[in-house]
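Every value quoted in this text rests on a predicted model; they were computed, and no experiment measured them.
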Amino acid sequence: MMDIHRDAPMFPARPGFGGAGEPCVIKANHFFAGLVDKGLHHYDVTISPESTLKGVYRQVMSKLVSEKRQTELGGRLPAYDGRKSLFTAGELPFKSKEFVVTLPGRTERRYKVLIKHATLVSLHQLMMLMAGCHTDIPGQALQALDIVLHDIVLNERNSMEYIAVGRSFFSPVLDKVNLGLGVEGWKGFYQSIRPTQMGLSVIVDMSSTAFVRPMPLIDFVMEILNKDNPRTFRVITNMDYVKIKKALRGVRVEVTHRGDACRKYRIASVMQSRPSVLDFELSSGVRKTVRDYFREAYQLEIQYDFLPCLQVGNDQRPIYLPMEVCKIVPGQQYRKKLESQQVAKLMDSICLHPSARENKICQVVSQNDYNGTQRAKEFGLEVDYQPTSVQARVLPAPTLKYYGTGPESLCNPNGGQWNMIKKKVVDGARVRNWACINFCHDLPGNAVHKFCADLARWSCNTGVNMDNLRLPIYTARPDQVEIDLRMRYQDARNKLGGQKIDLLLAILPEKNGSLYGNFKRICETEIGVMSQCCLGKFVTSAGPPYFANVAIKINAKIGGRNSEFANPQASLPVVSREPTIIFGADVTHPGALDDTAPSIASVVASQDWPKVANYNGVVRAQGHRQELIDGLEGIVKELLRAFEQGSKQRPKQLIFYRDGVSEGQFKQVLEQEIPEIEKKRHHTRLFPNDRRLTDRSGNILPGTVVDRNICHPTEFDFFLCSHAGIKGTSRPAHYHVLRDDNNFTADNLQSLTYNLCYMYSSCTRSVSIAPPAYYAHKLAFRARFYVKQASDAASTSNSSGPAAGPSPLPQIKDELKRSMFYC
């Protein structure tokens, strides 16, 4: 938050604690830790030769410690990060020393380990911070303590054989679920250590992620292609090849044709050629096909010659393998984007009632038994095994106003939700010309006609001025959406004598990300028309609530306003007193294994002060995995001009909600982006302490705010659960103020942020994060669709040639830029 004309200050101190709302006590998944300073030292580690195999460096260090701890290491039990850093409690007997470690196996492997003193890690700054002194978070000290906790799980509590992924630990023993397409979901837990107002806090949360199922590679490919048996088909199409290539890139396999010598490789690529065609040159200069080589060298006849060969190794010394001699190495995280059905299965498997999640977390802490480990004693760390009780407050929901006057126009949300029975939107948009395109061939035409008539009627009842459909119901094929959509749109324009079409309504057969993404991309970047998608399953069963929900989404997209605050002075503290523009910003990044696609930055800003319901949006492609927003000055200028046009005045105050940056990037953001409020990803969960003070899902009540106990020792931050839980355990949003020139009180900022969550335009529920940040996320996600669909089309058309480069971000048509088409 800022006065636009002042220089950026440092992070503001907490202005005091909030007092609004009903006090209550809840619990958090924070477990407080005591720490004795025994002299923390950091050492640089160099291990040679280098290895790309996961876990080798840890094996080397573990063997070194077991052999040399009581001699050359002076009795120290170090904590190792698995790469280049080692931490000890007290100095080692040397400043620099090289060791030789031999790992046993079929062939012994010798490694040189150089350990060199780097620095003394002072805990003074950490102790000062927790004592209430305004200072930076000591990153190195916290990194060392995180590594100690990490080593406790991997090296002293390793009966579960955990796989570490960042700060999380997973094991199939805990639980696993088959997600289909060769992927399974594993459960695990996350842990980290943070400074809070009450001291050091170990945060433990339940976690889950996807792993590649260990199986013969042939079976994996059959699942990818949705085939029961490789013998039932003999042809690999271009589409099949693209699927296989995407699925197998980077997967580690071990060979089965060399007896006990189970060599492991990482798949670099999938060749276009099959074993009987692909040839290579032997050291003798003779060329042989892969099939002939395996027949002569291993007496192995290739059974599935129609499947393409794998390339492992590097391009300088490629090794070609038939798929049937490979099986997938266990314990590999699946780092590609999951399909929607896989996501649904994974979410269902980990969706825990709050009380069940709390119990699971407490079980993990008890099983880890931190205080019973050698490393915890070595480093003077002691953890409380009981979750922390936290002082909280439940803020009151704002009163909303709909069209009309008197009590009938007012709405008092209850439990984070409300309905629009007998109410109309406060400002209804006009939809004159619209068309319906049906992608569901099994739906009868009369059912679709009735659905469209009911949608128009209920939209009018809701206050959205939607004319009856004047065009025929168009049909289109899901597999040729680009051709069909353009043709149907042009035909509709012709039938209307060239008049503008306000809305395209699509009836989709299922939640199909590819079809949805292509439809939206064509509408928004090629045709320039507003669109709304509905699922075919609702066409014959939809009732008034469904139509009202679709109507309010259309209203927001076309430019109307659904509701406003009945008492704006109370609901919009600080904002209501002077013209204020509210920004939201987010950056989305490509998938883990995508090393070319751009990151997408999006910024939205309100344009209708004092209502703050309608937002303009700007989206840009920028450098691969770049979190800080490029060209923000120009983006802000564009949105300021739009505010001036919409509100007929210039803003005097600016509030910026920034989603997605980590704590370590706060200073960069402060220096390189405009000042902001940041809501970061975190793992804090809040649980009810009194079962009578819960919502229907067993979660804490909407409006629960926490700015004590588990928050930053000195800076202005707070946790806010602004939504009602639907399924599983609610995640509160964490807001951290990086600059405040407007002198917000804690109550004002917390109430403003909570009340804004009732102004999200697409539903009659309060949402989990402030709508400006939510809108920015949706806009960036929409733009990611544009890039993905264009890249997929390019990959399919170029499957026989070199990989296509990243597709540029298509430009949104001018007709839509000033609308909330992304809602």
Side-chain angles (χ1 to χ4, degrees), residues 24-33 149-150 152-153 156-165 167-177 184-194 196 198 200-209 345-373 376 382-392 394 681-702 704 706 709-710 719 721 723-732 734 768:
C24 63
V25 176
I26 58 177
K27 287 180 285 185
N29 59 333
H30 286 230
F31 300 82
F32 284 111
L149 288 170
H150 195 279
I152 286 174
V153 174
E156 298 194 57
R157 291 290 177 252
N158 58 4
S159 60
M160 298 292 289
E161 296 185 356
Y162 285 115
I163 301 292
V165 179
R167 287 179 171 148
S168 293
F169 305 87
F170 300 95
S171 171
V173 177
L174 289 177
D175 199 7
K176 64 181 179 181
V177 59
E184 59 189 15
W186 289 14
K187 291 184 180 179
F189 67 93
Y190 164 96
Q191 70 175 18
S192 70
I193 193 164
R194 308 298 304 152
T196 69
M198 292 181 66
L200 280 176
S201 179
V202 177
I203 303 171
V204 178
D205 191 21
M206 302 312 296
S207 188
S208 69
T209 195
K345 287 182 181 178
L346 183 62
M347 296 304 293
D348 284 343
S349 73
I350 63 168
C351 194
L352 294 173
H353 187 276
S355 61
R357 192 184 196 97
E358 181 187 351
N359 290 337
K360 287 277 189 184
I361 290 171
C362 291
Q363 287 174 18
V364 165
V365 173
S366 177
Q367 290 166 2
N368 286 346
D369 189 21
Y370 301 100
N371 302 339
T373 64
E382 186 172 356
V383 180
D384 183 354
Y385 292 0
Q386 295 301 314
T388 302
S389 292
V390 178
Q391 299 176 60
V394 180
R681 297 176 180 89
H682 66 93
H683 286 265
T684 292
R685 293 291 192 277
L686 302 176
F687 303 103
N689 194 53
D690 186 338
R691 302 303 176 194
R692 295 171 297 178
L693 298 175
T694 64
D695 63 17
R696 288 184 294 181
S697 65
N699 279 286
I700 57 175
L701 294 171
T704 300
V706 174
N709 307 122
I710 59 174
F719 291 94
C721 182
H723 63 299
I726 298 176
K727 193 176 183 182
T729 306
S730 300
R731 181 200 292 266
H734 186 203
S768 58

Heavy-atom closest pair, residues Ser168 and Ser207: OG-OG, 3.6 Å
Should the ring pair His683 and Tyr190 be called parallel, tilted or perpendicular, given that the plane angle runs from 0 to 90° and is split at 30 and 60? parallel
Okay, side chain of Asn29, backbone of Ile203: is any donor-acceptor separation there less than 3.5 Å? no
Check Phe170, Phe189, Trp186 against Tyr162 for a ring pair (Phe, Tyr, Trp, His ring centres under 6.0 Å) and give me the one that passes. Phe189
Counterpart residues, side-chain contact (heavy atoms from CB on, under 4.5 Å), relative to Ile350 (two or more places apart): Lys187, Ser208, Met347
Consider side chain to side chain contact (heavy atoms under 4.5 Å, CB included). Of Arg357, Arg731, Gln191, which one does Asp205 pass it with? Arg357
Note: Ser730 and Ala724 closest approach over all heavy atoms is OG-C, 4.5 Å
Once you round to the nearest 0.5 Å, how far does CG of Asp695 lie from CG of Leu701? 6.5 Å
Heavy-atom nearest pair, Arg167 first then Ser192, reads CD-CB, 3.8 Å
Tightest non-hydrogen contact, residues Ala164 and His150, listed as CB-NE2, 3.6 Å
Quick check: do Ile26 and Val706 have side-chain heavy atoms less than 4.5 Å from each other? yes
Of Gln363, Lys27, His353, Arg685, the residue whose pairing with Glu358 passes side-chain hydrogen bond (donor to acceptor under 3.5 Å, both in side chains): Lys27
Do Thr388 and Thr196 make a side-chain contact, defined as non-hydrogen atoms from C-beta onward lying under 4.5 Å apart? no
Checking Asp384 side chain against Phe31 main chain: does a donor-acceptor pair fall under 3.5 Å? no
If you round to the nearest 0.5 Å, how far is CZ of Phe32 from CD1 of Ile710? 7.5 Å
I want to check something: taking the side chain as every heavy atom from C-beta on, are Asn368 and Val364 in contact at a cut-off of under 4.5 Å? yes
Check whether Asn699 reaches the backbone of Gly728 with its side chain - one donor and one acceptor, N or O, closer than 3.5 Å. yes
Heavy atoms, side chains only, cut-off 4.5 Å: are Asp348 and Lys727 in contact? yes
Which pair of heavy atoms, one from Thr704 and one from Ala392, lies closest together, and at what distance? CG2-CB, 3.9 Å
Going by side-chain contact (heavy atoms from CB on, under 4.5 Å), name the residues that satisfy it together with Gln391, two or more places apart in sequence or in a different chain. Arg708, Asn709
Please state whether the rings of Phe719 and His734 are parallel, tilted or perpendicular, taking 30° and 60° as the class boundaries. parallel
